[in-house]
Amino acid sequence: MDVIVSSWIDVGAVADIPLRGARVVKTPLGCVAVFRTAENEVFALEDRCPHAGGPLSQGIVHGRSVTCPLHNWVISLETGHAQGADEGRTSSIAARIEDGRILLDRDALRARAAA
Amino acid sequence: MAKKLLIIGAGMASGRMLEELLDRAPGAYEITLFNAEPRGNYNRIMLSPVLAGDKTYEEIVTHDDAWYAEKGVRTVFGRRVTKIDRAFKTVTDDAGETHNYDKLVLATGSDPFIIPVPGRDLPGVLAYRDLEDTEAMMKLGAKPGAKAVVIGGGLLGLEAAAGMATHGVDVAVLHLMPTLMERQLDEAAGSLLRRSLEAKGIKIHTRANTAAILGDADAGVRAVKLDDGTELAADLVCMAVGIRPSIAVAKEAGLELGRGVLVDDHMATSDPDIFAVGECVEHRGAVYGLVAPLYDMAKVLAARLAGDTEAAYAGSVTSTKLKVTGCDVFSAGDFAEGEGRQEIVFRDAARGVYKRLVIEDDRIIGAVMFGDTVDGPYFFQLLKDGTDISDIRDTVIFGPTFAEGGAADPLQAVAALPLEAEICGCNGVCKGAIIEAIAEKGLTSLAEVQAHTKASSSCGTCAGLVEQVMAIELGDGFEAKTVEPMCGCTDLTHLDVRRLIVSQSLKSIPEVLQALEWKTSCGCAKCRPALNYYLLCAWPGEAIDDGQSRFINERVHANIQKDGTYSVVPRMWGGMTSSDELRAIADVVDKFKIPTVKVTGGQRIDMLGVQKEDLPGVWEDLGKAGFVSGHDYAKGLRTVKTCVGKEWCRFGTQDSTGLGVQLEKRLWGSWTPAKVKLGVSGCPRNCAEATCKDIGVVCVDSGYEISFAGAAGLDVKQTEFLCKVATEAEVFEHVEALLQLYREEAQYLHRMYKWLARVGMEHIQSRVVEDADSREALSDRFRFSQSIFQVDPWAERARRDVDAHEFKPLAEVA
Ligand code: SRM
Ligand SMILES: Cc1cc2nc3c(=O)[nH]c(=O)nc-3n(C[C@H](O)[C@H](O)[C@H](O)COP(=O)(O)OP(=O)(O)OC[C@H]3O[C@@H](n4cnc5c(N)ncnc54)[C@H](O)[C@@H]3O)c2cc1C
Ligand code: SF4
Ligand code: FES
């Protein structure tokens with residue numbers, strides 16, 4: 001049988017993150033925030049607010065957005081873009097759910113150093 | 001000679017496929033149909049009405065023996081195909097017989113997923129898939145006092161539960177997730193569904209994780225045990241936690257598999273003579289569990305078998321309905337919020353209706369409805385067709401009649417309403433009554449209309465409509481009130497919402513959002529923390545604290561710093577400390593290498609720069625030395641500053657230090673609209689700066705002067721005098737009553753001085769000083785609330801059994 005090296009990394013169960021909550025995945029290139037929405041979707045963003053580096057994983061999750069805990073910028077979970085009048089973007093990492101597990105895109109995790 | 005077509009599985013997919021094929025190409029094949037169930041094709045989805053007693057099995061059979069005979073279909077029922085030999089083109093059944101084929105169709109459906117807990121094999125544990133399961137559940141109703149537990153709060157589980165409940169069975173549903181049917185419903189619809197199922201007597205346990213099924217092989221199942229130790233008695237356990245494509249035979253035969261049997265757009269598997277259709281297949285990465293897509297597939301396969309090589313299946317969009325009487329639920333598409341997506345939410349609290357459309361690029365991409373689902377098919381069609389709805393956007397939520405013919409201007413719509421149209425559902429006030437009152441009494445403001453007609457004076461959600469009626473009647477003579485709504489999610493003010501939470505007994509955030517007709521599905525970072533506070537204040541012990549609706553500091557009980565680390569400020573009661581306490585702090589600082597230690601402006605010590613993961617450890621060590629949380633992060637009691645008082649000071653008149661300590665011990669842990677700080681000074685020299693605090697006590701020879709509503713932050717305010725009392729006991733009662741009144745009346749994030757400015761001194765003095773009964777009732781309510789909220793959050797978290805997920809990374813990757 002062929003051994004296929006998956007390009008997805010399993011970082012835990014969906015149920016490990018509260019609904020409308022977030023948790024952190026530590027990597028050598030810095031923390032990644034993994035969010036779970038009320039609708040049970042997961043998204044992953046670099047855990048740094050485009051404004052002044054606030055840890056987005058600590059914010060309030062509403063809809064598909066998170067409000068930064070430091071100065072209340074609202075960041076889109078899908079694109080990492082600041083919403084409303086604020087401008088800036090944090091990089092996002094592809095995430096998906098399979099059988100109740102959260103998978104993050106390995107290449108995107110690696111590529112962050114360059115970003 | 002006709003080719004031999006062999007079909008494995010007589011389910012909904014193969015039944016539809018047979019009909020289509022025999023219409024198109026009768027006689028093209030010599031057909032043999034196998035089924036493991038001892039019967040032919042029936043309408044599996046109607047098992048729920050059978051279970052509920054609305055239909056009989058005979059009514060849901062789609063193909064009977066006469067039909068098979070007429071169409072020349074040979075049937076082998078009650079036998080399972082166990083092996084496919086692709087080289088010789090034969091299949092073998094469990095009776096050991098072998099059958100030839102030219103073309104083979106796999107239509108094996110799904111197998112229910114059984115969670116691997118101890119006791120899953122006990123008699124009385126079943127799934128919900130076929131007639132046998134249905135009959136077993138129906139039989140249970142004959143046993144008086146029978147109890148059933150359904151594991152899984154999805155579509156199947158809820159239909160099973162509601163069905164059994166109609167037979168008088170006492171049913172409990174266990175669901176792992178916080179929301180029922182979370183894959184099809186958003187939180188709002190999920191909570192409405194929960195309420196209406198509970199109204200049928202079904203008990204719902206969410207966040208319930210099954211640990212074991214208890215019982216023995218002879219007597220059968222006895223109970224279900226949850227991982228928190230709870231046991232629920234059960235004579236029957238129905239597992240409805242999901243399905244897996246039934247692919248065992250296909251796997252053994254070496255066909256290519258994903259989650260299901262892989263098929264191309266013509267329903268062919270990796271073997272060109274073998275096709276697959278229904279729930280057992282995976283097509284373009286999707287596996288389906290509803291009939292609509294299976295029917296689409298069945299059509300394509302029939303065409304293909306009839307020789308049409310063009311027919312292709314391109315995947316399906318699905319919609320869901322729940323077949324439980326009185327619980328009308330509809331869901332389709334992608335209903336999550338997102339950037340570039342807008343939502344249209346319609347809530348009619350009086351009728352228990354909730355509708356939500358999710359729009360992207362002027363097209364409906366998702367719909368969730370509860371209570372009134374008649375327009376579901378209309379929305380679903382717009383969704384599937386990708387119809388541009390920009391022209392009907394303002395009214396689309398009201399359904400096809402309104403959207404396509406009705407007035408787009410809301411004022412015009414109200415003007416068109418007949419005089420007897422009901423405007424205020426709570427008080428039964430019709431449009432005519434409002435118009436009459438305006439004309440007769442010369443009313444010009446909403447408040448006057450409320451006072452004279454009672455319209456919009458209860459739940460208040462019709463205030464907008466009432467204003468529109470007034471605008472039509474009064475024209476320029478009417479100016480709509482310009483009060484600021486709580487946030488973009490509602491037109492109601494903070495105070496309206498507070499009042500309505502109490503008057504309508506709303507006890508959770510989803511209930512508030514529905515009853516008060518919120519315009520968004522899950523609120524925002526402005527309204528959710530306020531609602532969480534209002535609920536906790538109104539219903540201590542009943543409302544459940546929603547951590548996800550708290551700002552980070554209150555969620556993790558520490559103050560976030562600019563670099564993402566946290567600060568830790570333990571209580572030092574009234575600013576008093578000791579060598580033991582200081583030594584414990586020194587040890588913690590060394591052990592956890594805390595970079596900064598500072599004396600705060602609030603007479604205590606701040607340890608800054610603590611890593612989040614270290615917080616429980618820091619708290620554990622501080623807890624051992626007797627420290628509790630200082631709540632320097634909370635909208636709650638912060639510090640009580642004191643001066644040394646008469647114990648040492650040559651001017652001191654009373655024990656200001658001791659009084660401050662006692663006040664702090666009574667008030668700590670309470671949640672308040674905004675932060676609350678106290679000061680107690682031993683004489684009018686006021687070294688504790690009591691007269692610029694939220695509540696200040698200045699001791700004098702003859703007693704204690706209590707003042708409040710001071711501040712020294714963004715605004716600098718001197719306190720206002722409340723009253724003077726003679727004893728410490730009176731100080732406690734007055735301060736507690738004052739604090740409770742503030743807790744119950746103020747708007748979230750308003751400190752005391754803002755509350756005073758709004759309600760006036762007279763009101764507060766009358767409630768707290770002049771009326772002893774009122775004062776006592778207030779302080780009683782405060783003490784009751786404290787009996788629930790005065791727990792040390794640090795100790796709970798140091799034991800690692802509350803919110804442990806907050807303090808550990810989800811994972812570390814190298
Ligand atoms: C630590 C401390 C400064 C110090 O090193 O002394 C401090 C630190 C902060 N203060 Fe303060 N305040 C501190 C005493 C004060 C005082 C003095 C006092 O309490 O006697 C005041 C003025 C008195 C008053 O509140 O009226 C004060 C008025 C404020 C304000 C303005 C509040 C207002 O309503 O006008 C804010 C902003 C806010 O709360 O929105 C604020 C907010 C903050 C925050 C929480 C800012 C933030 O959101 O991160 C700072 C948190 C740092 C941290 O992690 O501890 N701090 N702050 C003091 C902690 C006292 C304690 O032991 O709990
Ligand atoms: C109680 C209930 C309610 C439902 N309600 C709805 C609803 O409201 N709306 C909706 O869209 N869907 C609903 N569904 C789902 C729907 O019934 C299924 O999607 C549909 O029946 C699947 O059709 P199928 O032909 O793929 O499989 P099935 O109908 O399951 O048929 C497969 C048949 O193959 C047989 N079989 C399997 N392996 C073998 C073998 N090796 N040899 C011989 N025979 C074999 C099985 O015994 C079975 O009879 C419901 C399902 C249930 C159980
Ligand atoms: S005054 Fe308070 S809020 Fe401002 S920097 Fe100092 S501690 Fe922070
Ligand atoms: S760092 Fe996120 S808003 Fe300032």
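Chain A is the first sequence line, chain B the second, and so forth, proteins listed ahead of strands; every chain is numbered from 1.
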Please say whether more than 12 non-hydrogen atoms of neighbouring residues, nucleotides or ligands are located less than 6.0 Å from [atom1] in [X].
X: B:Ile115; atom1: CD1; value: yes
X: A:Arg48; atom1: CZ; value: no
X: B:Lys526; atom1: NZ; value: no
X: B:Glu252; atom1: CD; value: yes
X: A:Glu87; atom1: CD; value: no

Ion pair present between A:Asp47 and B:Lys612, side-chain N to carboxylate O less than 4.0 angstrom?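 No salt bridge links A:Asp47 with B:Lys612.
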Note: A:Glu39-B:Arg356 ion pair, threshold 4.0 Å (strictly below):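 Looking at B:Arg356 together with A:Glu39, the answer is yes, because their closest N to O distance falls below 4.0 Å.
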Measure [X] against the heavy atoms of chain A and call it side chain, backbone, both or neither at under 4.5 Å.
X: B:Tyr566; value: side chain
X: B:Asn209; value: neither
X: B:Asp803; value: neither
X: B:Arg207; value: neither
X: B:Thr520; value: neither
X: B:Glu613; value: side chain

Counting only non-hydrogen atoms closer than 4.5 Å, does [X] touch chain B with its backbone (N, CA, C, O), its side chain (CB onward), both, or neither?
X: A:Pro55; result: side chain
X: A:Gln58; result: both
X: A:Leu104; result: neither
X: A:Arg36; result: side chain
X: A:Leu70; result: side chain
X: A:Val11; result: both

Which residue out of [options] racks up the most heavy-atom pairs below 4.5 Å with chain B?
options: A:Val24, A:Asp10, A:Val66; value: A:Val24
options: A:Thr67, A:Asp99, A:Thr79, A:Val74; value: A:Thr79
options: A:Asn72, A:Leu19, A:Asp16; value: A:Leu19

I need the minimum non-hydrogen distance between A:Pro18 and B:His805, along with the two atoms involved.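 Scanning both residues completely, I find the closest heavy atoms to be CG-CE1, 3.2 Å.
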Closest approach of B:Ser549 to A:Arg20 (non-hydrogen atoms, all atoms of both residues):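 Reported closest heavy-atom pair: OG-NH1, 3.4 Å.
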Which one, [options], leads in non-hydrogen pairs under 4.5 Å with chain A?
options: B:Glu343, B:Arg550, B:Glu806; answer: B:Arg550
options: B:Gly242, B:Gly564, B:Cys524; answer: B:Cys524
options: B:Asp546, B:Leu185, B:Val556, B:Asp563; answer: B:Asp546
options: B:Asp186, B:Leu810, B:Ile552; answer: B:Leu810

Looking at [X] and [Y], would you say the former's side chain and the latter's main chain have a donor-acceptor pair under 3.5 Å?
X: B:Arg555; Y: A:Ile60; value: no
X: B:Glu187; Y: A:Ala38; value: no
X: B:Arg183; Y: A:Asn40; value: no

